[in-house]
There are 2 protein chains.
Amino acid sequence: MKITDEIIHVAIVEDDEEISRTLGLIIDGTKGFACKHIYNSCEEALKLLPETFPDVVLMDIHLPGITGIEGIKKLKPKMPGTDFIMLTIQQDDESIFESLVAGASGYLIKDIPPTELLNSIREVYAGGSPMSSAIARKVISSFHNNDPSPLSDRETEILKLLCDGKNYRVIADQLFISSHTVRTHIKNIYEKLQVNSRAEAVQKAFKNKLV
Amino acid sequence: MKITDEIIHVAIVEDDEEISRTLGLIIDGTKGFACKHIYNSCEEALKLLPETFPDVVLMDIHLPGITGIEGIKKLKPKMPGTDFIMLTIQQDDESIFESLVAGASGYLIKDIPPTELLNSIREVYAGGSPMSSAIARKVISSFHNNDPSPLSDRETEILKLLCDGKNYRVIADQLFISSHTVRTHIKNIYEKLQVNSRAEAVQKAFKNKLV
DNA sequence: GGGGAAATACAGCATTTGTGGTATTTTAAC
DNA sequence: GTTAAAATACCACAAATGCTGTATTTCCCC
């Protein structure tokens with residue numbers, strides 16, 4: 001259920017009213033764009049936004065109450081046809097990464113010139129993902145895996161089985177060693193990963209791409 | 001061991017000699033750039049490239065013998081300070097994804113205008129990741145997770161704490177509920193995720209991006 | 001206003017886990 | 001050829017976990 005005229009319908013979620021007003025005026029005043037819906041918080045957007053069928057939503061991250069990232073997580077499934085662009089001052093890897101995972105299709109920094117912002121909205125509407133070259137580098141860095149594993153081959157092997165929830169006896173049988181040995185390996189793994197439970201080990205295994 | 005003058009040293013790995021010659025002339029003829037090394041295959045590059053300490057390598061994917069993707073996998077560890085840009089006609093998700101995992105820092109399509117190519121080389125040299133908005137969309141699509149979580153908000157909250165290795169009592173205290181309730185929630189989480197251990201739950205949480 | 005999740009709470013029990021040790025053998029490195 | 005790291009093996013015990021139940025309250029949807 002998308003409004004299908006020539007106009008790109010844009011909504012804004014932003015708590016700084018001066019910014020959102022200025023932004024809204026610029027967008028709404030540009031040929032080919034409409035911006036009739038501005039929300040001060042995710043709570044408000046959550047209630048009202050899905051009914052307005054926007055093409056593109058500009059979303060701040062730092063908001064009172066629910067963050068923009070959590071907001072997208074909840075909104076995106078309700079409106080899969082709508083593209084979300086983060087428009088924020090946050091530039092840390094965490095924010096970028098989590099926003100994209102949450103469902104954002106673009107990531108822009110607030111100091112972007114209005115002309116470029118409008119271009120970016122056009123791009124996302126056309127199926128692209130506008131972001132600066134610097135942001136893109138941070139994104140693709142997450143594909144890279146530089147730091148070498150602190151674990152030995154055997155330990156990595158055991159960590160994989162740990163991740164599958166196998167108990168000591170099963171692991172022992174599978175590797176043809178005693179379960180005592182498995183316990184020793186696991187102690188060493190925990191030591192090296194600086195954890196003290198299986199759950200943490202599994203978490204670290206995935207976060208650090210050890211498996 | 002990087003050559004540290006004002007010039008960006010570019011190498012090209014490309015089997016179509018007309019393309020590589022033209023490209024080389026354009027780059028080498030531009031102020032601030034040098035392009036003295038062109039290779040027709042990865043095998044050749046593998047032997048000679050690491051000795052020339054280039055800043056940026058333009059790499060084709062479709063090559064006779066070793067592909068550009070396999071080439072980067074072997075070359076990048078030998079020259080971590082060098083940035084690789086894929087310059088190719090391939091636009092499929094596989095090629096893009098695998099190139100970036102292999103270690104590429106940029107991804108451009110061969111029909112890019114020379115001026116933009118030069119800009120992209122500058123960008124990657126400055127620590128960015130040049131790619132078109134359309135390519136970027138494909139990249140970030142790999143972060144997205146369409147299938148909705150089967151878990152309730154509360155369950156997700158508890159799953160996060162489970163991932164951190166918190167025990168029942170700690171989780172209970174943190175959420176101001178009894179540890180009995182925590183156990184019930186966890187039973188339901190395991191049921192919904194079709195697992196029967198904490199480790200499997202954590203694994204599934206990460207693989208299905210539930211946390 | 002009735003049905004169904006979701007969230008809450010409680011109890012018992014066998015199994016598994018985490019952690020404190022000690023100790024031998026093999027492999028790799030210098 | 002000595003040293004270090006890795007892989008192997010064993011013991012014991014307190015704590016945590018997984019499983020099988022039952023049960024109430026709240027809230028949302030039809």
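Here is the naming used below: chain letters follow the sequence lines, and residue numbers restart at 1 for every chain.
Residues B/Asp83 and A/Arg137 are paired through a salt bridge, judged by an N-O separation under 4.0 Å between the basic side chain and the carboxylate. Salt bridge A/Asp173/A/Lys166: absent, no basic N to carboxylate O contact under 4.0 Å.
Residue-to-nucleotide contacts include no donor-acceptor pair under 3.5 Å from the side chain of A/Arg198 to the base of C/dG18. The base of C/dA9 lies close enough to the side chain of B/Thr184 for a donor and an acceptor atom to sit less than 3.5 Å apart.
Summarising the geometry, atom NE2 belonging to A/His180 is positioned 12.5 Å from atom OH belonging to A/Tyr168; distances are rounded to the nearest 0.5 Å. A distance of 12.0 Å separates CD1 of B/Ile140 from CD1 of A/Ile135, quoted to the nearest 0.5 Å. Going from atom OG of B/Ser41 over to atom NZ of B/Lys47 covers 7.5 Å, rounded to the nearest 0.5 Å.
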Write down the protein N/O and nucleotide N/O pairs, taken from nucleotides 26-30 of chain D, whose separation is under 3.5 Å; answer none if there are no such pairs.
none

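There is no side-chain donor-acceptor pair under 3.5 Å between A/Glu70 and A/Thr67. Looking at B/Ser178 and B/Thr181, their side chains do bring a donor and an acceptor atom within 3.5 Å of each other.
The separation between B/Asn188 atom CG and C/dA9 atom P is 14 Å, rounded to whole Å. Atom pair B/Ile158:CD1 and D/dT17:C1' shows a separation of 15 Å (rounding to whole Å applied). Atom NE2 in A/His180 sits about 14 Å away from atom P in C/dT17, given to the nearest Å. Rounding to whole angstrom units, CG of residue A/Asp153 and C1' of C/dT27 are separated by 13 Å. Rounded to a whole Å, the CG atom of B/Asn196 is 15 Å from the P atom of D/dT17. Remark: P of C/dA6 and CD1 of B/Ile177 are 16 Å apart, rounded to the nearest angstrom. With rounding to whole Å, B/Leu151 atom CG is found 14 Å from C/dA7 atom C1'. Atoms CD1 (B/Ile186) and C1' (C/dT8) sit 14 Å apart, rounded to a whole Å.
The side chain to side chain contact (heavy atoms under 4.5 Å, CB included) test with A/Leu58 is passed by exactly one of A/Val10, A/Val124, A/Thr88: A/Val10. With A/Glu14 as reference, A/Lys110 is the one residue of A/His62, A/Arg21, A/Lys110 to meet the side-chain hydrogen bond (donor to acceptor under 3.5 Å, both in side chains) rule. The side-chain hydrogen bond (donor to acceptor under 3.5 Å, both in side chains) test with B/Glu155 singles out one residue from B/Lys160, B/Lys192, B/His185, and that residue is B/Lys192.
Checking the phosphate oxygens (OP1, OP2) of D/dT17, no side-chain nitrogen or oxygen of B/Ser197 falls inside 4.0 Å. Regarding contacts with the backbone of C/dA9, a side-chain N or O of B/Thr181 is found under 4.0 angstrom from either OP1 or OP2. Contact annotation: A/Arg154 reaches the phosphate of D/dT8 (side-chain N/O to OP1 or OP2, under 4.0 Å). In this model, the phosphate group of C/dA6 is approached by a side-chain N or O of B/Lys192 to a distance below 4.0 Å at OP1 or OP2.
No donor-acceptor distance shorter than 3.5 angstrom exists from the side chain of A/Ser95 to the backbone of A/Gln91, with no hydrogens or angles considered.
Summary of helix geometry: the two end axes of the helix from C/dG1-D/dC30 to C/dC30-D/dG1, each defined by five base pairs via their C1' atoms, are inclined to each other by 70° (rounded to 10°).
Each of A/Lys187 and B/Arg183 was matched to the nucleotide of DNA chain C holding its nearest heavy atom; the match closer to the 5' end belongs to B/Arg183.
Nucleic acid contact for B/Ser178: sugar-phosphate only, since backbone atoms but no base atoms lie under 4.0 Å from a heavy atom of the residue. Heavy atoms of A/Ser152 sit under 4.0 angstrom from primed sugar atoms or phosphate atoms, though from no base atom.
Taking a 4.0 Å limit (strictly below) on heavy-atom distances, residues 166-175 of chain A reaches DNA chain C at A/Asn167, A/Tyr168, A/Arg169.
Summarising the geometry of A/Lys73 relative to A/Ala102, their closest heavy-atom pair is CG-CB, 3.7 Å, with the distance given to 0.1 Å.
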